Amino acid sequence: MKLDSTDLQILALLQEDAALSVADIASKVNLSQTPCWRRIQKMQESGIIRRRVALIDPAAIGLSLTVFVEIIAESHSREWLDRFAATVRRMPAVMEVHRMAGDIDYVLRVCVANMEEFDGFYQDLITAVPMTKVTSRVAMEQVKWTTAYPIKGLRDPSR
């Protein structure tokens, strides 16, 4: 699906507040409701809009410790990768997993209640999958956090 500047405006608005009504979005992008709704539906059907969610303050639900875990794989075989991927997908504390270029193979973002809970997570991880090296970095402060991609600065991709 090709996106135009109106689609990008709609996406920017939805990233800021997915609870906006179609009428509110339509008025902000100078469309009537029906064409606006059709655009949103097309972006959902094509997978551009993956889903709409509520963003929760982790500290408010007792998950105040964020740890970034750097992993160097023991092997780069398909079997190791499949085992690793299946393991981290089953672990609810793992919020993100990124395969990296460079001297680190993977970085995980893990959210837990405290260091004791992280230690349990760590023990489960290293027991489940053999790794050459695991380095954990505890976040002291969250300086910036967003889920919104910088759409407003993008040029109209249809041009």
Side-chain angles (χ1 to χ4, degrees), residues 1 3 7-22 24-25 28-29 39-155 157:
M1 173 180 176
L3 299 175
D7 294 324
L8 294 175
Q9 290 174 37
I10 291 169
L11 289 172
L13 290 166
L14 286 172
Q15 284 190 122
E16 291 300 317
D17 184 358
L20 283 173
S21 69
V22 173
D24 288 339
I25 296 168
K28 291 179 184 205
V29 299
R39 285 173 179 260
I40 292 169
Q41 283 183 313
K42 283 181 183 178
M43 289 188 280
Q44 288 173 324
E45 291 166 2
S46 69
I48 293 167
I49 297 173
R50 291 184 185 177
R51 60 185 176 195
R52 298 184 194 192
V53 299
L55 300 176
I56 298 169
D57 177 359
I61 59 169
L63 298 175
S64 58
L65 184 66
T66 299
V67 182
F68 294 91
V69 180
E70 298 173 347
I71 295 170
I72 297 176
E74 180 183 83
S75 166
H76 291 95
S77 68
R78 174 53 55 191
E79 293 78 23
W80 187 94
L81 173 60
D82 290 345
R83 183 174 172 187
F84 174 76
T87 298
V88 295
R89 285 186 183 119
R90 283 192 309 267
M91 302 176 101
V94 177
M95 305 300 292
E96 295 179 59
V97 178
H98 298 272
R99 188 165 59 93
M100 308 298 289
D103 58 347
I104 302 296
D105 293 314
Y106 295 90
V107 173
L108 284 57
R109 181 173 64 94
V110 177
C111 292
V112 291
N114 52 42
M115 192 55 74
E116 181 180 354
E117 190 175 315
F118 177 72
D119 186 49
F121 164 85
Y122 176 84
Q123 296 298 328
D124 291 345
L125 179 66
I126 63 171
T127 301
V129 184
M131 292 172 246
T132 298
K133 184 176 180 183
V134 180
T135 303
S136 301
R137 302 183 189 281
V138 176
M140 301 281 290
E141 175 186 16
Q142 186 179 73
V143 177
K144 180 183 178 182
W145 180 83
T146 185
T147 61
Y149 291 97
I151 289 176
K152 290 182 181 179
L154 295 178
R155 290 187 296 139

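These figures come from a predicted structure and were not determined experimentally.
- Side-chain contact between Arg39 and Val29: absent, with no pair of heavy atoms (C-beta onward) separated by less than 4.5 Å.
- Of all heavy-atom pairs spanning Ile71 and Phe84, the tightest one is CD1-CE1, 3.6 Å.
- In this structure, CD on Gln9 lies 10.5 Å from CD1 on Ile151, to the nearest 0.5 angstrom.
- Here the side chains of Gln44 and Arg52 are in contact, with some heavy-atom distance below 4.5 Å.
- Within the model, atoms CG of Leu108 and CE of Met91 stand 8.5 Å from one another, a figure rounded to the nearest 0.5 Å.
- Annotation: salt bridge (Lys or Arg N to Asp or Glu O under 4.0 Å) contacts involving residues 123-133, sequence neighbours excluded, are absent.
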Original post:
Could you go step by step and tell me if Leu125 and Met131 meet the side-chain contact (heavy atoms from CB on, under 4.5 Å) rule?
Top reply: CA-CA 9 Å; Leu125 179 66; Met131 292 172 246; 3.5 Å; yes
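- Checked by atom type and distance alone, the side chain of Trp80 pairs as donor or acceptor with a backbone atom of Pro130 at under 3.5 Å.
- Pairs of residues two or more places apart, or lying in two chains, that qualify as salt bridge (Lys or Arg N to Asp or Glu O under 4.0 Å) and include a residue from residues 71-87 are Arg78-Asp82.
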Please list, one pair per line, the donor and acceptor atoms closer than 3.5 Å that link side chains of residues 115-122 to other protein atoms, with sequence neighbours excluded.
none

**OP:** Apply the test side-chain contact (heavy atoms from CB on, under 4.5 Å) to residues Asp24 and Asp17: give CA-CA distance (whole Å), side-chain angles for both, the deciding distance (0.1 Å), then the verdict.
**Re:** CA-CA 11 Å; Asp24 288 339; Asp17 184 358; over 6 Å; no
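- A distance of 13.0 Å separates NZ in Lys42 from CD1 in Ile49, rounded to the nearest 0.5 Å.
- Between Leu20 atom CG and Gln15 atom CD the span is 12.5 Å, to the nearest 0.5 Å.
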Output side-chain donor-acceptor pairs under 3.5 Å for residues 136-145, partner residues at least two apart or in another chain, one line each.
residue : atom : partner : partner atom : Å
Arg137  : NE   : Glu70   : OE1          : 3.3
Arg137  : NE   : Glu70   : OE2          : 3.1
Arg137  : NH2  : Glu70   : OE1          : 3.3

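- Remark: Ile10 CD1 to Ile40 CD1 distance equals 5.5 Å, nearest 0.5 Å.
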Got a list of side-chain donor-acceptor pairs under 3.5 Å for residues 93-106, not counting sequence neighbours?
residue : atom : partner : partner atom : Å
Glu96   : OE1  : His98   : NE2          : 2.8
Glu96   : OE2  : Arg109  : NE           : 2.7
Glu96   : OE2  : Arg109  : NH2          : 3.2
Asp105  : OD1  : His76   : NE2          : 3.1
Asp105  : OD2  : Ala73   : N            : 2.6
Asp105  : OD2  : His76   : NE2          : 3.4

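- Residues meeting the side chain to side chain contact (heavy atoms under 4.5 Å, CB included) test with Ile61, sequence neighbours left out: Ile56, Leu63.
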